[in-house]
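Keep in mind it's a predicted model, so treat the numbers as computed, not measured. For ligands, and for the atoms within them, numbers begin at 1 and follow the listed sequence.
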Amino acid sequence: MSSSEINRALFDEVMVPNYSPQQMVPVRGEGCRLWDQDDNEYIDLTGGIAVTALGHRHPALVKALKEQADRVWHLSNVFTNEPALRLAKKLTEATFAERVFFCNSGAEANEAAFKLARKYAHDHFDEEKSEIVSFVQSFHGRTLFTVTVGGQPKYCQGFEPVPGGVKHAPFNDLAAVEALVSERTCAIVVEPVQGEGGVIPADPDFLRGLRELCDRHNALLIFDEVQTGVGRTGSLYAYMDTDVTPDILTSAKGLGGGFPIGAMLTTDAIARSFSVGTHGTTYGGNPLGCAVAEAVLDEVSRPELLVGVADKHDRFVAALEAINQRHGLFADIRGKGLLIGAELVHAWKGQAGRFLAAAREQGVLILMAGPDVLRFAPPLIIEDADIDAAMASLERAIEQLIQEGPES
Ligand SMILES: *Cc1c(COP(=O)(O)O)cnc(C)c1O
């Protein structure tokens with residue numbers, strides 16, 4: 001097979017059609033830039049969907065990966081390993097958590113969290129205490145349990161029957177949650193900023209209210225920080241910027257900086273319910289993944305980096321607001337740190353995908369969060385000049401689309 005046959009068209013022949021990737025194939029990355037097969041250059045504001053927190057090919061991550069590659073790649077859970085122990089130690093020192101479970105993705109971290117919440121409730125209360133309360137529009141992954149807990153029915157449709165014992169309340173509506181929570185509730189799970197659901201931050205009072213409800217009903221509070229974690233919102237984990245501490249926290253995406261890894265963090269008392277044999281995964285705590293994640297954590301924990309995230313947020317939002325003054329395209333610009341959403345005005349609802357393609361043609365890669373919201377999740381190390389250049393390219397894409405007009 002010659003390399004000219006390896007192209008975007010091949011995707012439609014050999015891949016299961018569950019994705020619809022952009023019409024080019026990136027082959028190389030460096031910092032905030034990507035190059036495709038024809039050597040076209042792009043500024044990458046997708047960050048691999050909030051994953052490549054330190055950009056592409058960060059020297060510290062490449063070094064960690066190469067060094068570990070020369071030692072040992074894989075051992076399984078029959079053994080522990082040094083990178084996993086070092087990473088767990090650092091995560092417990094940096095957060096509320098005392099115990100860590102490693103896995104390979106966000107969905108797996110949440111699956112572990114939901115199973116642990118049920119197990120803990122069954123161990124300490126009774127079988128009836130099994131309900132999980134979650135939120136409309138929330139996203140927790142694509143396994144059958146996590147799509148069921150997620151608040152987007154389209155991800156469950158066609159996959160029924162789904163697991164039971166899950167209830168959904170409107171996000172940021174404490175009274176609605178209160179009406180659903182009872183002694184049967186084992187956990188409430190919330191994203192501090194709903195990511196896939198449209199980049200919607202939780203109100204601080206709402207999070208405080210959830211903590212109180214959990215305490216009152218002996219339920220566990222789970223923060224899904226798969227998207228918000230590892231510096232994305234300007235603190236190491238988003239909970240640190242609230243006065244609420246969860247009982248379980250899930251992390252993935254940015255944690256590996258591009259190497260697949262997930263983690264579930266919790267307290268010693270809760271962790272005990274996952275006694276020997278109760279849960280597991282072959283690759284979880286893989287030495288390669290943990291070595292890279294340790295390097296990510298070291299870099300992201302640097303105070304300058306986290307302060308920079310807040311500054312860059314302001315620069316992004318100012319640029320988007322200026323674009324909006326000229327073009328009146330956004331009904332709302334919101335988010336935290338470098339997780340930013342721009343909701344399209346009514347006339348452009350449902351057409352976020354057109355902006356992704358138009359922006360790509362102008363050399364800037366962006367995301368959507370549902371059909372109505374443009375989403376930006378660039379590397380946390382993006383430089384001001386790249387933000388400015390990307391926003392100028394985005395504006396050219398917007399001008400072009402406005403000329404074409406909204407589809408009716
Ligand atoms: C992406 C995401 C997940 C799922 O992570 P995967 O690694 O794709 O399984 C879960 N929760 C949130 C909040 C996410 O953004």
Side-chain angles (χ1 to χ4, degrees), residues 16 18-19 21 46-53 101-117 132-152 154-156 159 166 168 171-172 187-202 207 210 221-233 237-239 242 246 248-265 281-286 289-290 292-293 296 335-341 367-370 373 375-378 380:
V16 169
N18 60 319
Y19 303 120
T46 70
I49 317 190
V51 167
T52 47
F101 169 78
F102 289 121
C103 50
N104 313 289
S105 68
E108 281 177 72
N110 285 327
E111 184 85 19
F114 304 155
K115 284 180 69 178
L116 177 58
I132 295 172
V133 173
S134 149
F135 298 98
V136 175
Q137 285 294 107
S138 66
F139 184 81
H140 300 297
R142 296 293 202 120
T143 65
L144 198 52
F145 197 1
T146 55
V147 286
T148 307
V149 174
Q152 304 193 43
K154 64 179 181 199
Y155 293 143
C156 290
F159 298 110
V166 179
H168 297 93
F171 192 56
N172 279 332
I188 299 178
V189 56
V190 66
E191 295 161 85
V193 180
Q194 283 194 336
E196 302 302 310
V199 190
I200 307 168
L207 295 178
L210 295 184
L221 182 59
I222 304 172
F223 271 25
D224 178 346
E225 294 229 30
V226 170
Q227 190 150 166
T228 55
V230 196
R232 180 58 47 191
T233 65
Y237 285 99
Y239 87 86
T242 71
I248 301 177
L249 181 150
T250 54
S251 186
K253 291 205 165 101
L255 182 60
F259 198 100
I261 184 170
M264 180 193 70
L265 280 56
T281 157
T282 298
Y283 282 117
N286 171 283
C290 290
V292 176
V296 171
K336 265 203 110 185
L338 286 175
L339 181 55
I340 297 167
L367 296 168
M368 50 203 264
V373 178
R375 174 172 39 155
F376 309 91
L380 307 180

*Would you mind reporting whether Q194 and F171 have side-chain heavy atoms less than 4.5 Å apart?*
yes

_Tell me every residue that passes salt bridge (Lys or Arg N to Asp or Glu O under 4.0 Å) with E196, counting only those two or more places apart in sequence or in another chain._
R375

_By ring-ring contact (aromatic ring centres under 6.0 Å, His included) - contacts of F259 (at least two apart)_ = none

*asked:* Under the rule for ring-ring contact (aromatic ring centres under 6.0 Å, His included), what residues qualify as partners of Y237, not counting sequence neighbours?
replied: none

_As a test of understanding, state which of T143, T250, T281 forms a side chain to side chain donor-acceptor pair (under 3.5 Å) with E111._
T143

*Run the numbers on M264 and L116 for side-chain contact (heavy atoms from CB on, under 4.5 Å), then give the verdict.*
CA-CA 10 Å; M264 180 193 70; L116 177 58; 3.5 Å; yes

Anything under 3.5 Å between an N or O on ligand 1 and a protein N or O? List each pair with its distance, or write none.
from     : atom 1 : to   : atom 2 : distance (Å)
ligand 1 : 7 (O)  : G106 : N      : 2.8
ligand 1 : 9 (O)  : G106 : N      : 3.4
ligand 1 : 9 (O)  : A107 : N      : 2.7
ligand 1 : 11 (N) : F139 : O      : 3.3
ligand 1 : 11 (N) : D224 : OD1    : 3.4
ligand 1 : 11 (N) : D224 : OD2    : 2.7
ligand 1 : 15 (O) : Q227 : NE2    : 2.7
ligand 1 : 15 (O) : K253 : NZ     : 2.6

